[in-house]
2 protein chains.
Amino acid sequence: MAKRQDKRAEVIDLLAVHFLDTGLSDTGLRRLAEVAGTSDRMLLYYFENKEELVAAVLTQIASSLGASLTEMFGHRPLPPSTLLEALWAAAKSEAFKPHLRLWLDLAANANRGDPLLISISQQISAGWIEWMAHLLAVPDADKKATAALILAAVDGQLVLFPGEIARGESAILQLIRLLKQQVGHVDIGDRQHHDPAYS
Amino acid sequence: MAKRQDKRAEVIDLLAVHFLDTGLSDTGLRRLAEVAGTSDRMLLYYFENKEELVAAVLTQIASSLGASLTEMFGHRPLPPSTLLEALWAAAKSEAFKPHLRLWLDLAANANRGDPLLISISQQISAGWIEWMAHLLAVPDADKKATAALILAAVDGQLVLFPGEIARGESAILQLIRLLKQQVGHVDIGDRQHHDPAYS
DNA sequence: TAAATGTTGTAGCGATTGCTACAACCTTAT
DNA sequence: ATAAGGTTGTAGCAATCGCTACAACATTTA
């Protein structure tokens, strides 16, 4: 026993951890085999080639992301400033950093044009935005734009201050202030004035 | 003639263009030599090693960035929403994309821990922030935070939507709206209420 | 039991990596 | 002219890369 498919799934799990730990460098087949407790020869038995291996691992990380986010933040709708505060606290935590770092790594590689990485990266981004949009207590018409803005602000700190994201604190606080000052339609509660131009 | 130092500078210029075109991949010595019109052997004569080569090229790109930014935007102070509008228009343009892409590439590599790349990346980020802070018509106390926020929002679109940054339009428009709604201290003019806690 | 199929180890190919040994050239200084 | 030193080409090393040929073993099927 320990058939091909079983082993494949086990390898994916182990490598997902490794990818989150070390990013997309350090991905030589022999090194990955060592991490997965097997041989490079076997990796290419379980997977068509390295590309499919990487895609499988990243896809699994992407699909498990939604679950961990929901577990972390629940389902209750939050005002954008509160959500950003919580997200920022998470981004600064050690537990969360690997995900953001891997995401940045992936985006940078995707920017080089690789269609496979572009697709996976977009899938992850869409997952984040979708998750946050559902959680935001703002009019439907603003949900996606606000979600993308909040995510971009946090990711942007990763680009601006590599390795020490905490230095982006003042910029995030500034955005929190702006979101709190938001005038007009952001009455407290769930009453949404349902702009029919959006879902 | 054509001494070592002259050739070195010429090589740096040629490779700066190449780096902006193709990012930090495609940096094999033989490939770089081809681009620079020389041989790998000579590259290692002009430079100590590949690391020093890359650092020299990136540093030159970083130091030339300020000049081109000032040339593009002038010196007149602008309200943050106007500046973001202009920056976003630039970010979407083909002429500007290489810089952003290279910056993202650099940040991703820096995030892997390489101290040299971290240093260069921080230098570039600081240059952007400094430049924008001087250009912003906001109280001194808010200058750097606002600049970092605007930059992060734009860079973040690069991470969220690799290869098609224009899809971040709605998030940027959202931030423009927020900046326009900014209440309180943003009286027109340069009168600053000089919070002593900040430079 | 025999044949077919699934799983794994050994060994290595051809290409690429950063880098170097060595010798030849060319210019300059004596 | 001769020596010294700066400049450049040829060739190749050792390591790593993704990947494969081939045979051995195990398990299932006939």
Side-chain angles (χ1 to χ4, degrees), chain A residues 1-16 18-19 21-59 105-106 108-110 112-117 119-120, chain B residues 1-16 18-19 21-59 105-106 108-110 112-117 119-120:
Chain A
M1 49 208 75
K3 296 279 160 61
R4 173 136 77 159
Q5 295 304 327
D6 304 336
K7 255 309 200 173
R8 208 185 119 109
E10 180 191 335
V11 164
I12 289 178
D13 281 340
L14 289 169
L15 291 188
H18 178 251
F19 274 41
D21 276 351
T22 66
L24 290 181
S25 62
D26 199 17
T27 58
L29 280 181
R30 289 164 178 83
R31 175 87 182 97
L32 294 184
E34 181 185 343
V35 170
T38 177
S39 69
D40 59 330
R41 170 65 185 77
M42 291 313 297
L43 287 184
L44 291 170
Y45 177 63
Y46 304 138
F47 302 88
E48 189 77 10
N49 47 39
K50 185 189 172 180
E51 194 183 22
E52 194 220 327
L53 200 185
V54 172
V57 175
L58 290 178
T59 299
D105 212 342
L106 183 54
N109 280 46
R112 284 174 189 151
D114 184 326
L116 178 68
L117 294 184
S119 155
I120 296 176
Chain B
M1 54 207 73
K3 295 279 159 60
R4 174 137 75 158
Q5 295 305 327
D6 305 335
K7 254 306 199 175
R8 209 184 119 107
E10 179 190 335
V11 164
I12 289 178
D13 282 341
L14 289 169
L15 291 189
H18 179 251
F19 275 40
D21 276 351
T22 66
L24 290 182
S25 64
D26 199 16
T27 58
L29 280 180
R30 290 164 178 82
R31 175 85 184 100
L32 294 184
E34 182 185 342
V35 170
T38 177
S39 68
D40 59 332
R41 171 64 185 76
M42 291 315 297
L43 287 184
L44 291 170
Y45 177 63
Y46 304 139
F47 301 89
E48 190 77 9
N49 49 38
K50 185 189 172 179
E51 194 182 21
E52 194 220 327
L53 200 184
V54 172
V57 174
L58 290 178
T59 299
D105 213 343
L106 183 55
N109 280 45
R112 285 174 189 150
D114 184 327
L116 179 68
L117 294 183
S119 155
I120 297 176

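Computed from a predicted structure; not experimentally measured.
Distance CG/B/Leu58 to CG/B/Leu53: 9.5 Å, rounded to 0.5 Å. Rounded to the nearest 0.5 angstrom, B/Lys7 NZ and B/Leu43 CG are separated by 9.5 Å.
In this structure A/Glu52 satisfies the side chain to side chain donor-acceptor pair (under 3.5 Å) test together with A/Arg8, sequence neighbours excluded. In this view, A/Arg41 satisfies the side chain to side chain donor-acceptor pair (under 3.5 Å) rule with no residue, not counting sequence neighbours. Every residue two or more places apart in sequence or in another chain that forms a side chain to side chain donor-acceptor pair (under 3.5 Å) with A/Asp105 is listed here: B/Arg112.
In plain terms, the two heavy atoms of B/Ala55 and B/Ile120 that are nearest each other are CA-CD1, 3.8 Å. Taking both residues in full, the closest heavy atoms of B/Ile12 and B/Ala56 are given as CD1-CB, 3.9 Å, listed atom of the first, atom of the second, then distance.
At whole-Å resolution of the value, CG in B/Asp40 and C1' in D/dC13 are 13 Å apart. Whole-Å rounding puts the A/Arg41 CZ to C/dC13 P distance at 17 Å.
Listed by residue number, the members of residues 42-56 of chain B with any heavy atom below 4.0 angstrom from DNA chain D are B/Met42, B/Tyr45, B/Tyr46. Within residues 21-38 of chain B, the residues that have a heavy atom under 4.0 Å from DNA chain D are, in order of number, B/Arg30.
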Below 3.5 Å, can you tabulate the donor-acceptor pairs from side chains in residues 30-38 of chain B to any protein atom, sequence neighbours excluded?
| unit_1 | atom_1 | unit_2 | atom_2 | d |
| --- | --- | --- | --- | --- |
| B/Arg31 | NE | B/Asp26 | OD1 | 3.4 |
| B/Arg31 | NE | B/Asp26 | OD2 | 3.2 |

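Comparing D/dG9, D/dT28, D/dT7 by their nearest atom to the side chain of A/Lys3 picks out D/dT28.
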